[in-house]
Amino acid sequence: MSARLNYAAIAPGAIKAQLGVHTYLEGCGLSKTLQELIFLRVSQLNGCAYCLDMHAKALRQAGEGQQRLDAVAGWREAHGLFSAREQAALAWAEALTLVADTRHVPDAIYQSVKAQFDDRELVDLTLAVCSINSWNRLAVGFAMAPQPDAESVKAAAA
């Protein structure tokens with residue numbers, strides 16, 4: 001499927017506002033790695049190939065190891081690979097992303113994330129989850145796809 005329309009060209013003011021949130025998040029104090037792990041996990045849940053590609057690349061560029069990237073989808077079972085803080089953030093991100101299905105965020109998840117993040121960090125973390133969900137919906141809704149690299153083209157041809 002090809003992209004359905006160029007949303008950035010059609011609504012540049014909306015994209016400018018969305019990028020404003022991204023700019024805020026870059027300076028909010030949450031680590032880049034933590035944010036990118038959240039962006040990757042939420043993009044997995046939403047099936048956004050465009051964002052999966054982008055955030056996996058960003059994590060690799062930030063020095064993240066392939067083992068942790070491979071284990072993000074199964075972080076609960078990846079004992080010792082993710083810190084307690086990362087686990088709490090991933091659980092929070094999943095709960096918020098899936099809230100349309102569950103209709104709530106369990107108290108245990110809130111208590112876990114609250115134990116790892118101060119109030120301001122929790123608001124910023126929540127905003128990061130909201131932001132990537134918005135980007136995912138734009139990319140999935142308008143059929144954005146990652147550009148295949150040479151290695152991927154070769155593998156697909158085999």
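These numbers were taken from a predicted model, which means no experiment stands behind them. Every heavy atom of this structure was used, including side-chain atoms; hydrogens, water molecules and symmetry mates were not.
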Kindly write out the residues that satisfy side-chain hydrogen bond (donor to acceptor under 3.5 Å, both in side chains) with [X], not counting sequence neighbours, or none if the list is empty.
X: Gln18; result: none
X: Gln35; result: none
X: Glu64; result: Arg68

Which residues satisfy the side chain to side chain contact (heavy atoms under 4.5 Å, CB included) test with [X], sequence neighbours excluded?
X: Ala8; result: Asn6, Ile15
X: Glu77; result: His79
X: Ala89; result: Leu34, Ile38, Phe117, Leu125
X: Ala71; result: Ala78, Leu81, Phe82

With [X] via salt bridge (Lys or Arg N to Asp or Glu O under 4.0 Å) - residues at least two apart:
X: Arg85; answer: Glu121
X: Arg137; answer: none
X: Asp119; answer: Lys114

Determine which pairs satisfy side chain to side chain donor-acceptor pair (under 3.5 Å) with at least one residue from residues 42-53, sequence neighbours left out, and list them in order.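 Passing the test, one end in residues 42-53: Arg41-Gln44, Ser43-Asn136, Asn46-Asn133, Asn46-Asn136, Asp53-Lys57.
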Name all pairs fulfilling the salt bridge (charged side-chain N to carboxylate O under 4.0 Å, His left out) condition that reach into residues 125-134, sequence neighbours left out, sorted by first residue then second.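 Sorted pair list comes back empty.
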